[in-house]
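Okay, so here's the structure we're looking at.
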Number of protein chains: 2
Amino acid sequence: MNNKVTIADIAKELNLTGATVSRALNNRKGTSEETRKMVQEAAERMNYRRDRIAWSLRSGRTNIIGVIIPSAEINFFGSVVHGIESMANQHGYNVLIYQSNEQPEYEKKGIETFLSTRVDGILASIAKETMEFSHYLEIRERGVPLVFFDRANDSLNIPSVVVDDYKGAYYATEHLIRQGYKRIAHIAGQQHLKIFKDRLEGYKAALAAYGIPVEDELVYFGNVSIDAGRQAIQHLLQLPSPPDAVFAVEDFTALGAVKELKDQKVEIPAEFGVIGFANESFDEHITPSLSSIDQQTVQMGKEAFRLLMELIADGESTGVQTRSKIVLEPVPRYRQSSQRSGKIS
Amino acid sequence: MNNKVTIADIAKELNLTGATVSRALNNRKGTSEETRKMVQEAAERMNYRRDRIAWSLRSGRTNIIGVIIPSAEINFFGSVVHGIESMANQHGYNVLIYQSNEQPEYEKKGIETFLSTRVDGILASIAKETMEFSHYLEIRERGVPLVFFDRANDSLNIPSVVVDDYKGAYYATEHLIRQGYKRIAHIAGQQHLKIFKDRLEGYKAALAAYGIPVEDELVYFGNVSIDAGRQAIQHLLQLPSPPDAVFAVEDFTALGAVKELKDQKVEIPAEFGVIGFANESFDEHITPSLSSIDQQTVQMGKEAFRLLMELIADGESTGVQTRSKIVLEPVPRYRQSSQRSGKIS
DNA sequence: TTGAAAGCGCTAACAC
DNA sequence: GTGTTAGCGCTTTCAA
């Protein structure tokens, strides 16, 4: 039943010793061409597979990386994981998944098991509820390479891969301006999260660049949800001088805005422009199709893995961790919801 | 830097032997209350963490399960993984992810590394391109528990968790009938996949149950894509006696159908009813919102894990694998695209 | 070129 | 109750 073939078995079969078989299997120098071939054939024939556990114990490596995400159910993270796993695969690494459910306690548990599994490195996206980062610092203290993706914290000096939220927001807002909208509102996200703060800043910067004053009453603070979008529109349309366009911090919020505008019989994009952020899969299928900013999810996963590989290589040779940060370019996807003029800009 | 604390360190610190420390840490009988406490305190103080690699080598277990999915980028699988991981987490297991990209070669590679990593069990969803299953059988031969989810193959006698596609299709078709549609078409998927075949059967069965003849010309064979849905509608509307409703094998196909119908100015649901399968996230956000059949993704993941746990437990005690198959009930989500009458049925 | 021996960190048998 | 010993499967000195 459990036909586990070991190096010892091969050695016995060929009247050799384990050491030689090991050398032959790993193509180490110091084995005759002849024995090497013989051993490898025997291994094949006997259906031998190297035991990675034993190998790990001996070598101190696992060829496993740990990935902490808030939830595999969120599209965005599934997509990043896709990028990570495909790269890992190519490089002989395996990927261990852990979901934080946005809770720091789970993050800690995940890190705990990752360290105890001796993963070669960790990729993580910080949980929304996490305000204190000692568990992440412990990873570094242990000498295990760590890279943040998407949700990073710059003050920790830990390498990261993020999308340029500021620039994305700038693009989105600028696009609305160029489409001729005059009063552009923003539905902002929770400001303790850097990504959402950056988007607010980008929005303000774009307005400023075009000489448009930023009006506090046009910035609605909500969160990422359809409801928040609806509420925002209800609020904004009641203003004495209501806006004629909105940049929403995230696509679900934008979706709520669209739904509410439709309910209130406001024409999109003729009377009111809408643009979101994230390029969710539903964007192109709703009516009108929703303009958005793509976050390069798969690319993000790939870059994160690549950066981690570098750290692992560096750590092995010098023990010095190169600090670095990769910022990906956001890609605008302008669709119907914001195209008032015929031209695309 | 790499402050790895081992059992030996604790033993030395307390003038004990490794065995005793191990016993104390694992709360084995045969240690005095006193030493146990002392050891556990020391472990805490010295920041000891059990090395799972060494433990695995010794115990022959890893507390890791391997999961093979076609792609983490596909919503459906992200959602199932979410279910699997949350259960695994609760039970002290970790989850290794491998993407097959729908290719049997990748499946083989994944199985290879899983076996070599000595995972305690494997969950898998078969790749579309896979026609030959020896690599799956090898898992069983090795004595490693295996459970299929969603894409299973009944002839292999391997336990599985699937949704009742036949019944789901039956529900969908019956719903259209009850809504008063008279000529109901079906856009079918690739028939070498059991799940799609079952849906076709369910469609036929529902028609038969209501005394409606199955007309071959109303069954369009396409695949799962927006384009296929569009082409199907183009074809169906040209028929001498065109249908007035369609059950599409999958939501993206249904989406294509909806888009084409709208382009051709056919009113949904007044003139034409549409229902899909999968309950994709975009369903409720498009106009009209799309009726569909929910596949219980998260539940599927949870059940698959539970079943795997049973197999692992069984295997340890008796070595006998209980054959079993869990069939989940599909849940209809009737929305605007198929509700011609006011009443929901 | 090959073999012998040690050890990665842990735990289970068996002694004391 | 605690210590001694051995071994999980592998690789890597050091010797031959």
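A, B, ... follow the sequence lines: proteins, then strands. Residue 1 opens every chain. Hydrogens, waters and symmetry mates play no part in the numbers below; they use all other heavy atoms, side chains included.
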_Under-4.0 Å side-chain N/O to phosphate OP1/OP2 contact, A:R28 with D:dT12_ = yes
*Quick one: label B:S22 by what it contacts on the DNA or RNA (base, sugar-phosphate, nothing), any heavy atom closer than 4.0 Å.*
base
*To the nearest 0.5 Å, how far apart are NZ in B:K12 and OG1 in B:T6?*
8.0 Å
*Over how many whole Å does the gap from A:L25 atom CG to D:dT12 atom C1' extend?*
15 Å
_Interatomic distance, A:L16 CG vs C:dT2 C1' [rounded to whole Å]_ = 8 Å
*Going by atom types alone, do B:E107 and B:Y136 pair a side-chain donor with an acceptor below 3.5 Å?*
yes
_Using OP1 and OP2 only, check whether a side-chain N or O of A:T17 sits under 4.0 Å from C:dT2._
no
*A:S59 side-chain N/O to C:dC8 phosphate OP1/OP2 under 4.0 Å*: no
_Does B:L57 reach a base, just sugar-phosphate, or nothing at all? Heavy atoms under 4.0 Å._
base
*May I ask you to verify if any side-chain N or O of B:R50 is less than 4.0 angstrom from the OP1 or OP2 atom of C:dT11?*
yes
*Over how many whole Å does the gap from B:E34 atom CD to D:dT2 atom C1' extend?*
13 Å
*Atom-pair distance (NZ on B:K29; C1' on C:dT11), nearest Å*: 15 Å
*Contact class for B:R118 vs. all strands (heavy atom < 4.0 Å): base, sugar-phosphate, or nothing?*
sugar-phosphate
_From the set C:dG3, C:dG9, D:dC10, return the single nucleotide nearest to any side-chain atom of A:T20._
C:dG3
*Could you walk me through whether A:T17 and A:T20 pass the side chain to side chain donor-acceptor pair (under 3.5 Å) check?*
CA-CA 6 Å; A:T17 170; A:T20 309; 5.3 Å; no
*asked:* Side chain of B:A19 only, heavy atoms from C-beta on: which candidate in C:dC10, C:dC8, D:dG3 is closest?
replied: D:dG3
*Nearest-Å distance for atom pair CH2/P, residues B:W55 and C:dA12*: 10 Å
*If we only count heavy atoms from C-beta on, is the A:L156 to A:F148 side-chain gap below 4.5 Å?*
yes
*Which one, C:dT11, C:dT2, D:dG9, comes nearest to the side chain of A:D51?*
D:dG9
*Rounded to the nearest Å, what distance is computed from the CZ atom of residue A:R61 to the C1' atom of nucleotide D:dC10?*
15 Å
*For A:E303 and A:Q299, test the side chains for any donor-to-acceptor distance below 3.5 angstrom and give the result as yes or no.*
yes
*Checking all strands, does A:S56 fall into the base, sugar-phosphate, or nothing category for heavy-atom contacts under 4.0 angstrom?*
nothing
_Option among B:E44, B:R50, B:R45 that satisfies the side-chain contact (heavy atoms from CB on, under 4.5 Å) test with B:Y48_ = B:R50
*What is the nucleic acid contact for A:I53, judged by heavy atoms within less than 4.0 Å: base, sugar-phosphate only, or nothing?*
nothing
*Starting at atom CD1 of B:I7, determine the distance to atom C1' of C:dC8, rounded to an integer number of angstrom.*
13 Å
_Could you tell me how far apart B:K37 (NZ) and D:dG1 (P) are, to the nearest whole angstrom?_
17 Å
*Describe the nucleic acid contact of A:R52 in one word from base, sugar-phosphate, nothing, applying a heavy-atom distance below 4.0 Å.*
nothing
*Which is true for B:R23 with a 4.0 Å heavy-atom rule: it touches a base, it touches only sugar-phosphate, or it touches nothing?*
base
